[in-house]
Amino acid sequence: MIKKIFLLGNPNVGKSVIFSRLTGVQVISSNYPGTTVEILKGQLKIRDQSIEVVDLPGTYSLEPSSKAEEVAVSILSESPKEEMVIINIIDATNLERNLFLTLQLIEKGYAVIACLNMCDDTTHRGITIDTKKLEEILQIPVISTCAVTGVGIKFLIERLKEAHPAVRNTLSHEERWKEIGRIIESVQQLSHRHHTFRELLEDASIRPLSGLLISAAVLYASFKIVRFLGEFMINKICDPVFFNLYQPLVMHLSNALGGDGFWHHLLIGDLINGKIDFKQSFGVLTTAPYIEFAMVLPYIASFYFILSLLEDIGYLPRLAILLDNLLHRLGLHGFAIIPILLGFGCNVPGILATRVLESKRERFIASTLISIGVPCVPLQAMILGLLGGFGGWYVGGVYLVLFSLVLILGIIMNRTLKGYSPEFLLEIPPYRFPPLQILAAKLYFRIKGFIFEAVPIVLLGVLVINILMYAKIFDLVTGFFAPVIKNLFGLPKEAIVALIIGFLRKDVAVGLLMPLGLTAKQLFISTTLLAISFPCVATFVIMLKELGLKYLIKAVIIMVSVTLVVGTILNFGILR
Amino acid sequence: MKRISLIQLPRGKKAKVVEILGGSALQNRMMGMGIYPGKEIIKQSHFVLKGPVTIKTGRSLVALGHGMAVKVIVEIE
């Protein structure tokens with residue numbers, strides 16, 4: 001009786017896509033090893049029976065070498081063997097390397113069914129695999145699938161019941177590779193082909209000079225496209241909707257509420273020159289939805305569009321090679337660029353993704369650097385929206401300060417923390433061009449996540465802030481922090497409210513700065529401090545979960561000291 | 001026959017892995033990725049200033065940090 005199905009395989013073979021196909025649960029998949037760092041669960045319905053399906057992080061062997069792999073292997077050993085089936089997902093274009101894990105699983109006595117995924121890709125690459133023969137040799141069911149299009153999934157489900165433990169001697173690693181050599185010889189045929197343009201491009205992106213040029217072009221183009229698409233959506237869609245359709249509506253409400261009083265303060269906020277100003281009124285129905293839908297959402301959409309594209313094509317691991325040298329000096333290695341890039345979307349998935357790094361030391365350094373020096377999209381969108389008006393130098397300045405901080409802090413942490421930074425060992429996937437519907441589904445999934453997770457918090461947050469402001473609770477706090485804020489940072493005492501609210505959400509915090517009428521310099525300092533001081537509460541919780549209290553406290557001490565130092569330096573160092 | 005490390009192997013050259021210096025954890029990790037004594041590999045690229053090395057092993061492309069590449073000893077004609 002099968003109670004559980006585990007999806008197991010090497011990194012980046014398409015486990016998560018198979019998982020989505022089996023369970024209907026949408027998950028993020030990308031073209032680099034280690035996209036899945038958490039255990040994902042879903043249900044597969046066969047007639048009237050429902051079986052639990054577990055998607056595990058990818059692993060090359062049953063001897064784990066990172067936190068994510070450790071999780072996969074330990075989950076597997078916790079469940080009783082007789083109640084489970086392992087679907088071993090294999091990249092058909094790289095059968096040889098994948099069989100190492102397959103043989104290990106069979107040797108351990110698990111009921112295994114092998115799934116040769118990406119079978120459409122084998123034809124392009126001139127590979128033919130005799131699945132019948134492979135079945136005979138391995139004595140387990142072998143099914144060809146192409147998860148992206150759904151080919152073969154039905155057969156996979158039908159043949160699940162055939163999975164049973166096969167008899168195989170336990171081999172040493174060397175013997176196992178010899179055995180694999182023999183298997184490959186008899187089941188796989190390669191036809192010779194000329195190099196394709198894709199392969200030329202793959203090659204160029206891992207050479208020092210051409211790789212550097214390509215990466216500069218890719219990063220520059222990405223930044224430009226994100227900015228262009230974001231601004232386009234704001235100017236052509238969001239602003240017109242808010243100003244032409246929504247504003248008259250809330251204006252009616254404002255009049256109905258009499259233009260003043262508690263409820264007006266809560267929902268509409270303050271009228272600026274007798275009118276609602278979406279950037280300054282600060283009401284639950286005015287500034288809150290404007291921030292989320294007209295300032296942040298367009299950038300969420302454009303950022304994740306580009307990130308998803310780069311992820312699925314398989315460019316990011318190539319970036320990792322190029323940056324290995326630099327990141328090594330910060331106590332990390334090249335692969336840390338992936339958590340960092342994810343952190344630019346939202347710090348939470350970024351810090352989760354540090355699980356692909358090998359040691360606790362690396363994970364601490366990476367998480368601390370992400371939470372201090374990597375601004376999330378909501379914060380970046382607000383910085384662009386606010387500082388953009390004063391000229392590109394201010395916006396660029398914020399990034400420059402953050403980038404220098406990452407370098408300086410990284411070098412300091414690398415020199416002072418005990419231990420050493422492990423070396424980088426990473427498989428570089430081939431370029432793949434994702435079908436558009438797959439890309440669209442991923443983008444939709446990420447935008448939906450933002451709307452359902454962020455927007456309620458923002459609305460609620462603004463509500464609570466408005467109540468506290470109405471009750472003049474903040475006045476106590478502002479008075480207390482005034483000396484620091486005024487004398488060290490050169491900011492008006494009200495700015496402390498924004499810094500505190502930054503703990504809740506960064507975009508709301510910047511929203512609080514908007515009505516203060518700050519100068520360009522003050523805005524520059526306060527937004528930079530918002531980026532480097534405490535991360536938002538969601539990031540905080542994830543850091544606690546991932547690193548533990550001791551490391552979190554260390555990180556907090558670093559954050560507070562850096563905030564004080566940087567705020568003071570910026571205040572006294574910038575003349576205009 | 002000459003024994004050298006991956007670092008010394010010229011780009012584009014084919015060589016046979018003969019030894020992986022270092023602990024069993026490292027050996028197992030490389031083993032799982034298809035780098036083990038007896039395996040033929042081709043060096044694809046090498047980054048200056050102690051940068052990483054990329055090699056082709058079987059059908060996969062693998063990048064190794066400098067410190068790791070030093071530990072992979074190969075044999076060339």
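Values below: every heavy atom of this structure, side chains too, minus hydrogens, waters and symmetry copies. The sequence lines fix the lettering, A, B, ..., with proteins before strands; numbering per chain opens at 1.
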To the nearest 0.5 Å, tell me how far A:Leu99 CG sits from A:Leu105 CG. 11.0 Å
Under 4.5 Å from a heavy atom of chain B, the part of A:Leu190 involved: side chain
If you round to the nearest 0.5 Å, how far is CD1 of B:Ile73 from CG of B:Leu6? 8.0 Å
CG (A:Leu425) and CG (B:Leu26) are apart, to the nearest 0.5 Å, by 7.5 Å
Examine whether an atom of B:Ala63 lies under 4.5 Å from a heavy atom of chain A, and if so say whether it belongs to the side chain, the backbone or both; otherwise answer neither. both
Hey, what do you get for CG (A:Leu330) to CD1 (A:Ile365), rounding to the nearest 0.5 Å? 8.0 Å
Inter-chain donor/acceptor N,O pairs below 3.5 Å: chain B to chain A:
| residue | atom | partner | partner atom | Å |
| --- | --- | --- | --- | --- |
| B:Asn28 | OD1 | A:His173 | NE2 | 3.2 |
| B:Arg29 | NE | A:Ser65 | OG | 3.3 |
| B:Arg29 | NH2 | A:Glu358 | OE2 | 2.8 |
| B:Met31 | O | A:Trp177 | NE1 | 3.1 |
| B:Lys39 | NZ | A:Glu96 | OE2 | 2.9 |
| B:Ser45 | OG | A:Ile206 | O | 2.7 |
| B:Val48 | O | A:Asn325 | ND2 | 3.1 |
| B:Leu49 | O | A:Asn325 | ND2 | 2.7 |
| B:Arg59 | NE | A:Thr93 | O | 3.0 |
| B:Ser60 | OG | A:Asn94 | ND2 | 3.4 |
| B:Leu61 | O | A:Ile428 | N | 2.7 |
| B:Ala63 | N | A:Leu426 | O | 2.7 |
| B:Ala63 | O | A:Leu426 | N | 2.9 |
| B:Gly65 | N | A:Phe424 | O | 2.6 |
| B:His66 | N | A:Glu423 | OE1 | 3.3 |
| B:Gly67 | N | A:Glu423 | OE1 | 3.1 |
| B:Gly67 | N | A:Glu423 | OE2 | 3.2 |

If I measure from the heavy atoms of chain B, does A:Leu209 come under 4.5 Å with its side chain, its backbone, both, or neither? neither
Check whether any side-chain heavy atom of B:Glu77 lies under 4.5 Å from a side-chain heavy atom of B:Met1, and answer yes or no. yes
Rounded to the nearest 0.5 angstrom, the CG-CD1 distance for B:Leu61 and A:Ile321 is 6.5 Å
d(A:Phe424 CZ, A:Leu357 CG) to nearest 0.5 Å is 11.0 Å
